[in-house]
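Everything below concerns the one structure shown next.
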Amino acid sequence: MAELTGKVQTVLGLVNPDQLGRTMTHEHLTMTFECCYIPPPPGDEAVAENPFQMQHMYWLRQNPYSCRENLLLQQETSAVRDELLAYKKAGGGTIVENTTTGISRDLPTLKQLAKDTEVHIIAGAGYYVDCTHSEATKEMSVEKLTDSIVSEVLHGADGTDIRCGMIGEIGTGWPITDSETKVLKATAHAQTQLGCPVIIHPGRNPAAPAEIVRILQEAGGDISKTVMSHMDRTILNETELLEFAKLGSYLEYDLFGTEMLNYSFNLDVDMPSDCQRVKTCVSFREGYEDKILIAHDIHTKNRLTKYGGHGYSHILKNIVPKMLTRGISQPQVDKILIDNPKRWLTFK
Ligand SMILES: CC(=O)NCCS(=O)(=O)O
């Protein structure tokens, strides 16, 4: 698309890629996550009902998905606005907002936040995981899904004229369902038409990312312009990780700030700590430094600083200094936070 080529599309319009600055490539500013509610561990049912206040946060840190109120980030726009102002002050420039259809994308709120804070915000087109697909979505053909995604980028989404600047996060589970496969194919077709960035939420199985790449590639997708999110909890074996890296997508470590003993979506996974995430970035710094992206993927209330969480500035304030002490140079940090996001987000 000639108008988009060489530009980045924010909720306030097209910008020159050099304007983005430091970029978190996977965040949510307003969304709901009720689709992923998990009942509390046996014996904790009463604790889960505690009033949503500071004394409850120690429990929510370990069980974020077992309290319905914690899943309503959309109620916290004022706190998120304050956080974005702090992010800007900490040197942040851009947030890629990954909320798609199914988890309450709210484009007017994103536009207002961008105006209020002067942080560039890029919104996502497309659909989240199968359990959030409506009956109408499930009945759509790949062609219809493609048209709808293309329209969200070219004309605006959800009945507004606010345009999405990338496709994703496209949700998939494991195994990948028929409806998710159609959405993946439509994503690839839309990407071919638009030359746009794509970002994927893989299912929680080490085989999921490669299977997604296979489906996208067969449908003509551009893997070099595609981000595989949530690598932190998906491929933990080093050999398997290097095998996947060879396929050429961006590798996103986007759960910085999440430190939990039991990852309730997949108890087989030992969720890495931030130190382990930094170590992984260190191990990737030669060979794949052009492919690493990082973020916090804030999607529950307890992670906001208002509730004692790490907030959207954690990487800039705490992780970058740590990286510098562990052998990642300032130019390499700049690649991860500025150059790689800019390259990914620029329309071809
Ligand atoms: C909003 C979202 O999809 N977050 C991902 C959480 S997960 O635990 O990495 O699947």
Side-chain angles (χ1 to χ4, degrees), residues 10-12 15 19-33 52-54 56-58 60-61 64-65 67 69-100 103-124 162 165-166 169 199 229-230 232 252-260 274 277 293-323 333 336-338 341 345:
T10 76
V11 291
L12 296 181
V15 299
Q19 289 175 251
L20 298 184
R22 294 184 187 85
T23 300
M24 299 296 136
T25 48
H26 198 130
E27 303 296 345
H28 299 269
L29 302 174
T30 172
M31 66 170 280
T32 56
F33 207 41
F52 201 85
Q53 55 194 32
M54 270 314 199
H56 196 23
M57 295 304 145
Y58 82 94
L60 283 174
R61 200 160 297 133
Y65 306 114
C67 164
E69 183 169 350
N70 200 35
L71 308 179
L72 302 175
L73 189 64
Q74 67 171 19
Q75 295 176 339
E76 297 292 349
T77 301
S78 167
V80 167
R81 181 180 295 108
D82 292 346
E83 290 238 8
L84 287 182
L85 292 169
Y87 174 70
K88 178 111 183 148
K89 211 165 164 187
T94 299
I95 296 274
V96 185
E97 219 278 355
N98 276 252
T99 307
T100 42
I103 46 175
S104 309
R105 180 175 55 196
D106 180 352
L107 293 164
T109 294
L110 297 187
K111 187 170 178 177
Q112 192 58 50
L113 284 169
K115 279 186 182 163
D116 292 349
T117 65
E118 296 182 6
V119 170
H120 297 294
I121 297 175
I122 295 156
I162 305 167
M166 51 97 189
E169 62 183 294
I199 187 165
S229 302
H230 315 323
D232 332 34
E252 189 179 72
Y253 286 81
D254 51 30
L255 295 167
F256 272 96
T258 300
E259 308 248 2
M260 55 168 56
D274 277 354
R277 291 184 181 99
L293 297 170
I294 60 175
H296 312 91
D297 186 18
I298 291 183
H299 53 276
T300 54
K301 289 185 183 185
N302 68 302
R303 295 176 67 195
L304 300 175
T305 54
K306 173 183 174 183
Y307 296 113
H310 55 81
Y312 297 90
S313 304
H314 174 58
I315 286 178
L316 296 181
K317 285 194 159 300
N318 304 316
I319 300 300
V320 168
K322 178 79 184 182
M323 284 176 155
V333 168
I336 293 171
L337 289 179
I338 302 172
L345 289 164

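- Glu97 places a side-chain N or O within donor-acceptor distance of the main-chain N or O of Leu29, the cut-off being under 3.5 Å.
- Among all heavy-atom pairs drawn from Thr23 and Pro341, the shortest one is CB-CB, 3.6 Å.
- Ile298 places none of its side-chain heavy atoms less than 4.5 Å from the side chain of Val80.
- By the side chain to side chain contact (heavy atoms under 4.5 Å, CB included) test, Asp82 is found to be paired with no residue, residues two or more places apart in sequence or in another chain being considered.
- Asp232 places a side-chain N or O within 3.5 Å of a backbone atom of Asp254 that can act as its donor or acceptor partner.
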query: Going through the distances and angles, do His28 and Asp297 end up as a side-chain hydrogen bond (donor to acceptor under 3.5 Å, both in side chains)?
result: CA-CA 6 Å; His28 299 269; Asp297 186 18; 3.2 Å; yes
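- Looking at Leu73 and Thr300, their side chains never come closer than 4.5 Å, going by heavy atoms from C-beta outward.
- For Tyr65 against His299, the heavy-atom pair with the smallest separation is OH-NE2, 2.8 Å.
- Residue Ile122 holds its CD1 atom at 4.5 Å from CG of Leu345, rounded to the nearest 0.5 Å.
- Residues passing the side chain to side chain contact (heavy atoms under 4.5 Å, CB included) test with Glu69 are Phe52, Cys67, Gln75, Lys301, sequence neighbours excluded.
- Counting only heavy atoms from C-beta outward, the side chains of Tyr312 and Thr305 never approach each other to under 4.5 Å.
- Nearest heavy-atom pair across Lys115 and Leu12 is CG-CD2, 3.9 Å.
- A ring-centre distance under 6.0 Å is not found for His26 and Phe256.
- When side chains are defined from C-beta on, Lys322 does not count as touching Asp274, because their heavy atoms never get closer than 4.5 Å.
- Between Thr30 and Glu76 there is no side-chain heavy-atom pair separated by less than 4.5 Å.
- Among all heavy-atom pairs drawn from Gly92 and Leu316, the shortest one is N-CD1, 3.5 Å.
- Residues Ser104 and Thr32 approach most closely at OG-OG1, 2.6 Å, considering heavy atoms.
- Applying the side chain to side chain contact (heavy atoms under 4.5 Å, CB included) criterion to Ile338, with sequence neighbours excluded, gives Arg22, Asp334.
- Rounding to the nearest 0.5 angstrom, the gap separating the NE2 atom in His120 from the OG1 atom in Thr10 is 7.0 Å.
- Here the straight-line distance linking atom CD of Gln74 with atom OG1 of Thr99 works out to 10.5 Å at 0.5 Å rounding.
- Partner Arg81 forms a side-chain hydrogen bond (donor to acceptor under 3.5 Å, both in side chains) with one of Asp116, Thr109, Thr117 and no other, that one being Asp116.
- By the 4.5 Å heavy-atom criterion applied to side chains, Ile315 and Arg277 are not counted as neighbours.
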query: Where do Ile162 and Leu110 land on the side chain to side chain contact (heavy atoms under 4.5 Å, CB included) test, with the steps shown first?
result: CA-CA 9 Å; Ile162 305 167; Leu110 297 187; over 6 Å; no
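- To the nearest 0.5 Å, the span separating NZ on Lys306 from CE on Met54 amounts to 10.0 Å.
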query: After noting the C-alpha distance and the side-chain angles of Leu113 and Ile95, does the key distance pass the side chain to side chain contact (heavy atoms under 4.5 Å, CB included) rule?
result: CA-CA 11 Å; Leu113 284 169; Ile95 296 274; over 6 Å; no
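- Proximity of Met31 to Asn98: side-chain heavy atoms (C-beta onward) are nowhere separated by under 4.5 Å.
- At least one side-chain heavy atom of Pro64 sits less than 4.5 Å from a side-chain heavy atom of Met260.
- Of all the heavy atoms in Arg105 and Gly124, the pair that sits closest is NH1-O, 2.7 Å.
- One distance of note links CD1 of Ile199 with NE2 of His230; it measures 7.5 Å at 0.5 Å rounding.
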message: His310 vs Asn318, test: side-chain hydrogen bond (donor to acceptor under 3.5 Å, both in side chains). Steps then yes/no.
response: CA-CA 10 Å; His310 55 81; Asn318 304 316; over 6 Å; no
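- Atom NZ of residue Lys89 and atom CG of residue Leu84 lie 14.0 Å apart, to the nearest 0.5 angstrom.
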